[in-house]
Amino acid sequence: MRFMRSFSIRTPVHYVVLPLAVLTVLLLLAWYFIQPLAFPSLAQQEVEQVNVVTDHYLGSAPFDPEDFVGMPQFETRGYTFSPDSSEVQAIQRVLNFRSYHRFWGTLTDTHSWRGAGDWDVYLTGLDAQGRQVWSAHFTGGETVFINDRAYQVGWWDGGAGAALAEELAGVLGLA
């Protein structure tokens with residue numbers, strides 16, 4: 001009787017199937033979060049104009065929205081370009097060599113961002129009726145918002161988001 005109990009039908013479920021199921025779920029989650037995503041094309045067919053708004057922090061240290069006292073000083077500039085303009089093409093070239101990935105904030109639909117740099121760049125593509133086709137908000141921190149959904153640039157706040165926002169400002173001749 002003791003022999004039959006040790007080789008029960010439940011043995012494969014406990015020692016083989018359950019660990020394999022857990023491992024499969026963990027691998028799928030890892031793939032979901034680690035997979036690099038390419039930035040979308042800025043000059044999509046229905047886009048008639050691309051609006052660019054930049055904010056430049058005028059303080060002495062990188063802007064951190066959680067640490068400031070009073071209102072920080074920003075210089076804001078706005079631009080409107082056609083999708084085939086040299087500026088939009090230059091911005092697209094910068095984005096073609098970068099990627100972003102999902103993180104927990106993507107799943108929770110967060111609207112806050114972690115960290116911030118000297119530059120904040122907001123891009124919007126509008127159709128002929130002035131409706132938004134796409135948007136991209138580069139916060140200068142590790143969070144980027146694509147169509148109002150939070151994603152992460154770089155890993156563990158390595159400064160990739162700040163470098164990307166500064167490079168985009170540089171393409172516009174601001175940095």
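We use all heavy atoms of the structure for the numbers below, so side chains are in, but hydrogens, waters and symmetry mates are not. Keep in mind that what you see is a predicted model, and the values were worked out from it rather than measured.
Phe103 and Tyr32 are members of different hydrophobic clusters when ILVMFWY side chains are connected at heavy-atom separations under 4.5 Å. Neither Leu28 nor Leu26 shares a network with the other; the hydrophobic side chains, linked directly or stepwise wherever heavy atoms of I, L, V, M, F, W or Y lie under 4.5 Å apart, form separate groups for each. Note on Val121 and Trp134: same hydrophobic cluster, where clusters join Ile, Leu, Val, Met, Phe, Trp and Tyr whose side-chain heavy atoms are under 4.5 Å apart, directly or indirectly. Clustering ILVMFWY residues whenever any of their side-chain heavy atoms sit less than 4.5 angstrom apart, transitively, puts Tyr79 in the very cluster that holds Val171. Linking Ile, Leu, Val, Met, Phe, Trp and Tyr whenever their side-chain heavy atoms come within less than 4.5 Å puts Val133 and Ile146 in one cluster.
The heavy-atom pair separating Ala165 from Gly140 by the smallest distance is CB-CA, 3.8 Å. In plain terms, the two heavy atoms of Pro36 and Ser99 that are nearest each other are CB-OG, 3.8 Å.
Residues in residues 88-100 take part in these salt bridge (Lys or Arg N to Asp or Glu O under 4.0 Å) pairs, two or more places apart or across chains: Arg98-Glu167.
Cluster partners of Phe97, using a side-chain heavy-atom cutoff of under 4.5 Å among ILVMFWY residues and allowing indirect links: none.
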| message | One pair to check against side chain to side chain contact (heavy atoms under 4.5 Å, CB included): Leu164 and Trp119. What are the steps and the verdict? | response | CA-CA 9 Å; Leu164 176 57; Trp119 288 95; over 6 Å; no
| field | Full working for side chain to side chain contact (heavy atoms under 4.5 Å, CB included) between Ile34 and His101 | value | CA-CA 6 Å; Ile34 294 173; His101 59 91; over 6 Å; no
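Arg77 has its side chain within reach of Leu174: a pair of non-hydrogen atoms, C-beta onward, lies under 4.5 Å apart. By the 4.5 Å heavy-atom criterion applied to side chains, Leu168 and Val94 are counted as neighbours. Phe138 is listed as a side-chain neighbour of Leu95, based on a closest heavy-atom distance under 4.5 Å. Side-chain atoms of Arg102 and Leu107, non-hydrogen and from C-beta on, never get closer than 4.5 Å to each other.
For Arg131, the side-chain hydrogen bond (donor to acceptor under 3.5 Å, both in side chains) criterion is met by Asp127, Gln129, not counting sequence neighbours. Considering only residues two or more places apart in sequence or on other chains, Phe33 meets the ring-ring contact (aromatic ring centres under 6.0 Å, His included) condition with Trp104. The ring-ring contact (aromatic ring centres under 6.0 Å, His included) check on Tyr151 picks up Tyr100, with sequence neighbours excluded.
Side-chain N/O atoms of Asp120 and His56 include no donor and acceptor closer than 3.5 Å.
Judged by distance alone, with hydrogens and angles left aside, the side-chain atoms of His137 form no donor-acceptor pair with the main-chain N or O of Thr124 at under 3.5 Å.
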All N/O donor-acceptor pairs, side-chain side in residues 42-55, below 3.5 Å, sequence neighbours left out:
from	atom 1	to	atom 2	distance (Å)
Gln44	NE2	Ser41	O	3.2
Asn51	OD1	Thr80	OG1	3.1
Asp55	OD1	Thr76	OG1	2.5

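Asp148 CG to Ser135 OG: the interatomic distance, rounded to the nearest 0.5 Å, is 4.5 Å.
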